[in-house]
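Structure, as structure tokens:
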Amino acid sequence: MAEIESTLHSGWLMRHKAVMPKWLSLYYDSPIELVSGEGRHVFDRDGRRYLDFFGGILTTMTGYNVKEVVSAISKQAEKMIHSSTLYLISPMIELAEEIATLSGIEDPKVFFTTSGTEANDAALLLATAYRGTNQIIAVRNSYHGRSFSALSVTANTHYRANSYSPFQVSYVLGGSRLRGPLANLGDQEYIERGVTDLEDVLQTQTNGHVAALIAEPIQGVGGFAVPPDGYFGQIQRVLKSSGALYISDEVQTGWGRTGENFWGYKAQGVTPDIVTFAKGIGNGLALAGVVARAEIMDAFSAASISTFGGSPLAAAGGLANLRYLLANKLQENALKTGSVLFATLNSASSEAPAVADVRGKGLMIGVEICEPGTVTPDPTTTSRVMELAKEKGLLVGKGGLAGNVLRIAPPLSLTEDEARYGAEVLAEVLIDVSREGN
């Protein structure tokens, strides 16, 4: 039977390679197919059970097979799956009302899309239309999506397929605090250097008429790089003098994932003009969007619709998912269970010299792997850790400019026992891999 399953697996992998683009990445030397899930666990085609510490790239927010969410999707599917925004969609309106209230933006309006990439596209379109300029400021080491316009404000060479852009883009300081211009700086010095850099960028790389700055409160694909609290508040203070808008990309940091706040921007002392969201709100459904002040949202004068954004099915599922999150206080749970993960991983780092840094907030934790005693990225060891963790029934992600950061982002419903178990498995693997290198 095992031989038959192995043959079937090889067949699917060969078929994938034959019809999918070569740049469509797969994890692991022997990629797995996940076929079902329950709570925080997933099962592969062979029936193997894993504790999921990556949640479909921070997307399975409340967990797998949450009955309230599944029921809402099922009931809506029995009535109608699709209609388009040319007609009233009551679940979309209800969801927009709740998100608008939670957004923290004054006089908000909401536009739904199907992905974080599309949400950031829409935000950039709104900002440039409102301001009448295509000048954008982004942050080094950032990632905002895979479309033409989103990649043009992405400062990560691993994802930049070309240098073409619909915008004139300038980049301010951000990213790693282990290496580069921000290495080993204290919080205040980091902030001061960033502000000085922005002032110089505005004077030397723009004509002073900038549409917006777009920033992730914590960089996701960039390896969960965390700026000092208040950094973007000082950045916004400088931007305001020129009238530029502030776009907070909350695709990964939203919905309470950081534990301490519902939105990542709250730790930064800013009030965004535009917020983009995605991933967790749909819990796997294609659901994303933009919240903006009404004067910005309504300033786009061209006719427009969305065929799939805020569809009846996605909106009904998203609404149930959001209400489940709030009713079960999953933001508070993220803070509590995240502290369990941090404690174990920080303790293990003293016995694992390959661990250069443990950082993040709540259930958004990065473990950076470097050559022992240095800050030289070690993506080979990172991949080795992922393979061994998988063998022990734990799935984690990776990111960072060099692909050397383990990304830990389980569903926000993670229990303390699951957090403790998963952290102990990962700690054991990190220590074992470090011993292999000695």
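From a predicted model like this one, the values you see are computed outputs, not experimental measurements.
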Name every donor-acceptor pair, under 3.5 Å, that has one atom in a side chain of residues 288-308 and the other anywhere in the protein, sequence neighbours excluded.
| residue | atom | partner | partner atom | Å |
| --- | --- | --- | --- | --- |
| Arg293 | NE | Glu295 | OE2 | 3.2 |
| Arg293 | NH1 | Asp273 | OD1 | 2.3 |
| Arg293 | NH2 | Glu295 | OE2 | 2.8 |
| Glu295 | OE1 | Tyr130 | OH | 3.1 |
| Asp298 | OD1 | Lys109 | NZ | 3.4 |
| Asp298 | OD2 | Lys109 | NZ | 2.9 |
| Ser306 | OG | Gly309 | N | 2.8 |

With a cut-off of 3.5 Å and sequence neighbours excluded, list every side-chain donor-acceptor pair involving residues 239-247.
| residue | atom | partner | partner atom | Å |
| --- | --- | --- | --- | --- |
| Ser241 | OG | Val238 | O | 2.6 |
| Ser242 | OG | Leu239 | O | 2.8 |

For residues 63-82, dump all side-chain donor-acceptor pairs below 3.5 Å to protein atoms at least two apart in sequence or in another chain.
| residue | atom | partner | partner atom | Å |
| --- | --- | --- | --- | --- |
| Tyr64 | OH | Asp52 | OD2 | 2.5 |
| Asn65 | ND2 | Glu38 | OE1 | 2.7 |
| Gln76 | NE2 | Met80 | O | 2.8 |

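Not a single salt bridge (charged side-chain N to carboxylate O under 4.0 Å, His left out) links Arg131 to another residue, sequence neighbours left out. In terms of the side chain to side chain donor-acceptor pair (under 3.5 Å) criterion, Lys329 has no residue partners (sequence neighbours excluded).
Aromatic ring centroids of Tyr231 and Tyr190 lie under 6.0 Å apart. Side-chain rings of Tyr50 and Phe43 stay apart, their centers remaining 6.0 Å or farther from each other. With ring centers used as reference points, Phe277 lies under 6.0 Å from Trp255.
Between the side chains of Glu250 and Thr253, at least one donor-acceptor pair of N or O atoms lies under 3.5 Å. A donor-acceptor contact under 3.5 angstrom links the side chains of Arg40 and Ser413, judged on distance only. At a cut-off of 3.5 Å, with distance as the only test, a side-chain donor of Asn283 or Thr62 sits close to an acceptor on the other residue. For the residue pair Ser115 and Glu118, no side-chain donor N or O sits within less than 3.5 Å of a side-chain acceptor on the partner.
Using a cutoff of 4.0 Å between basic side-chain nitrogens and carboxylate oxygens, Asp187 and Arg177 are scored as salt-bridged. The existence of a salt bridge linking Arg323 and Glu94 is confirmed by a sub-4.0 Å separation between a basic side-chain nitrogen and an acidic carboxylate oxygen.
Residue pairs meeting the side chain to side chain donor-acceptor pair (under 3.5 Å) criterion with at least one member in residues 212-230, sequence neighbours excluded, are Asn141-Gln219, Asp229-Lys361.
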